[in-house]
Amino acid sequence: MSSFPFTKTLAVSTATRLSPRDWDSHPDYLYEGYRSTEQRGPQRPLVPLDAALGEMRQPVFGDDSIGSLDHDLTSNARRNGQPIGERMVLAGRVLDDQGRPVPRTLVEIWQANAAGRYVHKADRHDAPLDPNFLGAGRCLTDADGRYRFLTIKPGAYPWGNHPNAWRPQHIHLSLFGQHYGSRLVTQMYFPGDPLHVHDPMLTGTPASVRSRLIADFSLDLTQEGFALGYQFDIVLRGARQTPFENR
């Protein structure tokens with residue numbers, strides 16, 4: 001057993017060992033089109049972890065760790081009114097690579113506001129901040145692995161990677177899964193965005209699995225007269241895993 005200041009982790013039995021990671025579904029650590037990988041990508045061979053350490057259970061988060069408005073980005077930072085922008089629902093299921101739901105796992109999101117700017121001191125984009133929008137939220141999946149957020153559709157923004165470079169509209173996601181070995185940080189894109197073909201983070205992902213990063217518009221999730229719905233199912237670890245973001 002290994003302990004942390006805020007929680008405990010438990011070793012995994014051989015019956016629940018993680019399946020091998022499908023590296024062909026992931027982008028290269030070093031990708032010429034995405035210039036930041038030159039500083040972020042490892043330059044030396046990775047050091048494999050002992051299997052027992054790599055498959056330790058995830059930190060345990062309870063309901064007392066999640067606020068009542070943490071999933072609602074239209075309300076969790078509101079001061080003087082509604083945030084500006086197109087309201088949207090982002091929902092889906094978190095599954096393992098065998099199609100089984102992953103319950104009670106932490107899902108976190110962060111994003112730019114409707115004008116394409118983050119609440120971060122390093123973001124120098126000449127676009128307005130929204131005092132009623134923080135751009136970050138979190139929730140726990142339910143017993144069926146389902147999660148749901150209410151937020152504002154993010155705007156595109158320039159990012160300086162190449163001449164006239166703009167990031168497509170996207171939302172970042174972070175998941176713990178049930179094991180440290182299934183930890184995932186990725187991005188979700190919107191269908192039909194013309195910037196997809198110009199984005200090296202997306203095009204750096206193998207073409208055969210790129211669609212896993214693009215959400216589906218869902219009329220079932222859409223709330224009449226209030227917000228459009230998008231479904232984004234996430235698969236942790238294995239041959240059908242959602243690719244992680246380009247490093």
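Note: hydrogens, waters and symmetry copies are ignored here, and every other heavy atom, side chains too, is used.
A search for salt bridge (charged side-chain N to carboxylate O under 4.0 Å, His left out) contacts involving Arg35 returns nothing, not counting sequence neighbours. For Ala115, the side chain to side chain contact (heavy atoms under 4.5 Å, CB included) partners at least two apart in sequence or on another chain are Asn113, Ala127, Pro128. When the side-chain hydrogen bond (donor to acceptor under 3.5 Å, both in side chains) test is applied to Asn164, the partners found at least two apart in sequence or on another chain are Trp166. Scored by the side chain to side chain contact (heavy atoms under 4.5 Å, CB included) test, Ile214 finds Tyr189, Pro191, His196 as partners (sequence neighbours excluded). Every residue two or more places apart in sequence or in another chain that forms a salt bridge (charged side-chain N to carboxylate O under 4.0 Å, His left out) with Arg100 is listed here: Asp96. Remark: Ser65 engages no residue in a side-chain hydrogen bond (donor to acceptor under 3.5 Å, both in side chains) (not counting sequence neighbours). Taking the salt bridge (charged side-chain N to carboxylate O under 4.0 Å, His left out) definition, one finds that Asp220 meets it with nothing, sequence neighbours left out. For Glu108, there are no side-chain hydrogen bond (donor to acceptor under 3.5 Å, both in side chains) partners at least two apart in sequence or on another chain.
Sorted by first and then second residue, the side-chain hydrogen bond (donor to acceptor under 3.5 Å, both in side chains) pairs involving residues 129-139 (not counting sequence neighbours) are Asp70-Arg138. Within the structure, no pair that satisfies the salt bridge (charged side-chain N to carboxylate O under 4.0 Å, His left out) test touches residues 146-160, not counting sequence neighbours.
The CG atom of Leu90 sits 12.0 Å away from atom NE2 of His71, with the distance rounded to the nearest 0.5 Å. In this structure, CD in Gln111 is found 5.5 Å from CG in Leu73, a value given to the nearest 0.5 Å.
Hydrophobic side-chain contacts under 4.5 Å tie Ile84 to no other Ile, Leu, Val, Met, Phe, Trp or Tyr residue.
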Under 3.5 Å, sequence neighbours excluded: what are the donor-acceptor pairs made by side chains of residues 224-234?
unit_1	atom_1	unit_2	atom_2	d
Gln231	NE2	Asp233	OD1	3.4
Gln231	NE2	Asp233	OD2	3.2
Asp233	OD1	Arg93	N	2.8

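Put simply, the side chain of Trp110 does not reach to within 4.5 Å of the side chain of His120, judged on heavy atoms.
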